[in-house]
Amino acid sequence: MSEPTSPPGLVPTVVRLKLSLLRNGLRQSGGRRAAYVASAVVTLLFAALQLLGLILLRGHDHAVSLVVLLAAVLGLGWAVMPLFFPSGDETLDPTRLVMLPLRPRPLVRALLAASLVGVGPLFTLLLLVGSVVSVAHGAAAWTVGVPAVALGLLVCVALARAVAAANIRLLTSRKGRDLAVLSGLVIAIGAQVVNFGAQRLGSSGLGQLDPAADVLRWLPPGSAIGAVDSVSEGAYGTATAQLVVSAGALVLLVRVWTRSLTRLMISPDGSTLQAAEPTARERRSSGLGRLLPGGRTGTVMERGLRYIWRDPKTKAAWVTSLAIGLIVPVFNALQGTGSIYFACFAAGMLGIQMYNQFGQDTSAFWMVAMTISSRRDAYVELRARALALLLITLPYATLVTVLTTAMLGDWSKLPEALGLSLALLGAMLATGAWTSARFPYSIPQEGYKNVAPGQAGLAWIAIFGGMVSAALLCAPVIAVTIWLHVTESGDSWTWLLLPGGAVYGAAITLLGLRLAAPRTATRLPEILTAVSKG
């Protein structure tokens, strides 16, 4: 009689589950595999370049200040990125596992191990290794560098999972997810603050980081990297205290994560209970609906505007785009380094909202698909969605351009800047319509992810590929602008760029819609399958 085999451990099971989910997601199409591989290669190439830069920084007087700040930025990124940007998989969403007969502590260990598998952890590991290489001097420092890298990586991952688990109920409730809009605005502003800070460093040197680094080297995960530098300086007591701070933070984060998982497993979810609808309530068209065109065009426009106002994730994306579109030109103008052409950020950021138009419908897209039986139906659907975006983007882009012009006092360039903005907006609407039909992906309504597992690479390739295509489509308008400025007496004709850019933008939008309509009509089953995965 053979001896009974013990069941496999939970950690390898969850790790294999993550790998299986990723592998099965990539098997669905060759395009998805290519998109994932391309995005992974680009990310790792960037990490390798950063690693090389950190190694070259070795021996610099202020190297420790930079790497400690880098570790702090990594920790902040891990805390906020999983909530608002495409990442993660089903094993990292605790609501998917609450019905399984698992205890919280073993589940935390298994999920922590699964979280270490992926491009993101490898990217973080390379940067942490480069940070240690840049500040480690002596055998003792290299010895401490090994646990320092491990602690830094584990703190980042545990921080991300603790934040996600603590906010999962909030983000899955309708009213609670609206709070993500404020977070998106904070992220948008914070990104620009980092950008302007980097500009200041480029002109003033790394010495300006020393005061901030003196504080951050006692906050994890920066404290782990700070311990390596302390050992290099012979301050072994300080290094021990910094390692203890990092280890204590890891223990605290794991405990918070465990408590959040326990609440998810034993507490009923009342955040998504629907309130009873009043019976026999007459539904009337809103005031906005009465102002829109009749027929299918007005119906689709009103639906799109309601998504912007009511859907938390759609609203968060719009608020973030509105914030960045205003912050970039205004901040640069306030610093005296701005250009009126930065006003094009408004049109560019809002034009991104045209991408993945069908993904925001999720599984409800089948109701839209039932009404599309011809290329004409698909064209009217896409045109109405573009018109809904134009109701917001046109006045907003105009307002930002006029405001930037007023702050810079360069009114003579207002026509050409506005013309370029309109041309860029038209190009992004055109490419957005095409990529919506060619590269649709799902936006899960539950959880904290903005793209379904296995589709993250597809989403990034669709967005950035479309943006590059839009920039190429704007090349004729840009070329004419440059030609007018280098030609004698050409400045007197730059006002023509405003009507010219408007006409060009409208023409390229109509062309993009007409090219996307046949593909939309013929790929309805594939689009429905792709957007329903969440």
Side-chain angles (χ1 to χ4, degrees), residues 293 297 301 304-305 308 318 321-330 332-333 338-355 357 382-408 410-436 463 466-485 490-516:
T297 298
M301 291 179 66
L305 294 173
I308 296 172
W318 271 90
S321 296
L322 290 169
I324 295 178
L326 179 64
I327 289 171
V328 171
V330 169
N332 279 279
S339 168
I340 193 172
Y341 300 112
F342 281 153
C344 294
F345 266 91
M349 292 304 303
L350 295 185
I352 294 177
Q353 304 308 316
M354 186 64 186
Y355 294 84
Q357 275 293 300
L382 289 170
R383 184 186 63 186
R385 291 174 182 252
L387 288 174
L389 266 67
L390 286 174
L391 286 179
I392 302 175
T393 54
L394 273 179
Y396 184 79
T398 303
L399 175 63
V400 172
T401 305
V402 172
L403 178 61
T404 305
T405 303
M407 296 181 66
L408 295 175
D410 196 359
W411 292 101
S412 62
K413 293 185 178 180
L414 175 60
E416 60 185 272
L418 188 54
L420 283 172
S421 293
L422 297 179
L424 176 61
L425 179 58
M428 297 201 71
L429 292 178
T431 55
W434 190 85
T435 56
S436 294
I463 293 174
M467 292 172 63
V468 172
S469 300
L472 294 176
L473 289 175
C474 290
V477 180
I478 298 174
V480 172
T481 303
I482 297 174
W483 178 75
L484 288 176
H485 280 290
D491 290 341
S492 60
W493 296 98
T494 54
W495 65 271
L496 290 174
L497 290 171
L498 176 54
V503 171
Y504 183 83
I508 203 69
T509 298
L510 292 175
L511 178 61
L513 294 176
R514 292 195 176 277
L515 292 177

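Keep in mind the model is a prediction, meaning the values are calculated, not measured. Along the sequence shown, the residues carry numbers beginning at 1.
- Panel note: side chain Y504, backbone V477; no donor-acceptor pair is recorded below 3.5 Å.
- Annotation: side chain of T481 is not in contact with side chain of T494 (no heavy-atom distance under 4.5 Å).
- Counting all heavy atoms, side chain and backbone alike, I508 lies closest to A430 at O-CB, 3.2 Å.
- Between F342 and V330 there is no side-chain heavy-atom pair separated by less than 4.5 Å.
- Taken from CG in L424 to CG in L350, the straight-line distance is 10.5 Å, to the nearest 0.5 Å.
- Other residues, nucleotides and ligands contribute only 12 or fewer heavy atoms inside 6.0 Å of the CH2 atom of W493.
- Between L425 and L390, some side-chain heavy-atom pair lies under the 4.5 Å cut-off.
- Proximity of L389 to W318: side-chain heavy atoms (C-beta onward) are separated by under 4.5 Å at one or more points.
- Around atom CZ of F345, no more than 12 heavy atoms belonging to other residues, nucleotides or ligands sit under 6.0 Å away.
- In this structure, T405 and L418 have side chains that are not in contact, with every pair of non-hydrogen atoms separated by 4.5 Å or more.
- In this structure, CG on L408 lies 9.5 Å from NZ on K413, to the nearest 0.5 angstrom.
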Steps toward side-chain contact (heavy atoms from CB on, under 4.5 Å) verdict (L414, T401):
CA-CA 7 Å; L414 175 60; T401 305; 3.6 Å; yes

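- In this structure, L420 and L497 have side chains that are not in contact, with every pair of non-hydrogen atoms separated by 4.5 Å or more.
- Side chains of Y396 and L326 form a contact here, defined as non-hydrogen atoms less than 4.5 Å apart.
- Between the S436 side chain and the Q357 main chain, a donor and an acceptor come within less than 3.5 Å of each other.
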With side-chain contact (heavy atoms from CB on, under 4.5 Å) as the criterion, how do L496 and L484 come out once you've worked through the C-alpha distance, each side chain's angles and the decisive distance to 0.1 Å?
CA-CA 10 Å; L496 290 174; L484 288 176; 5.9 Å; no

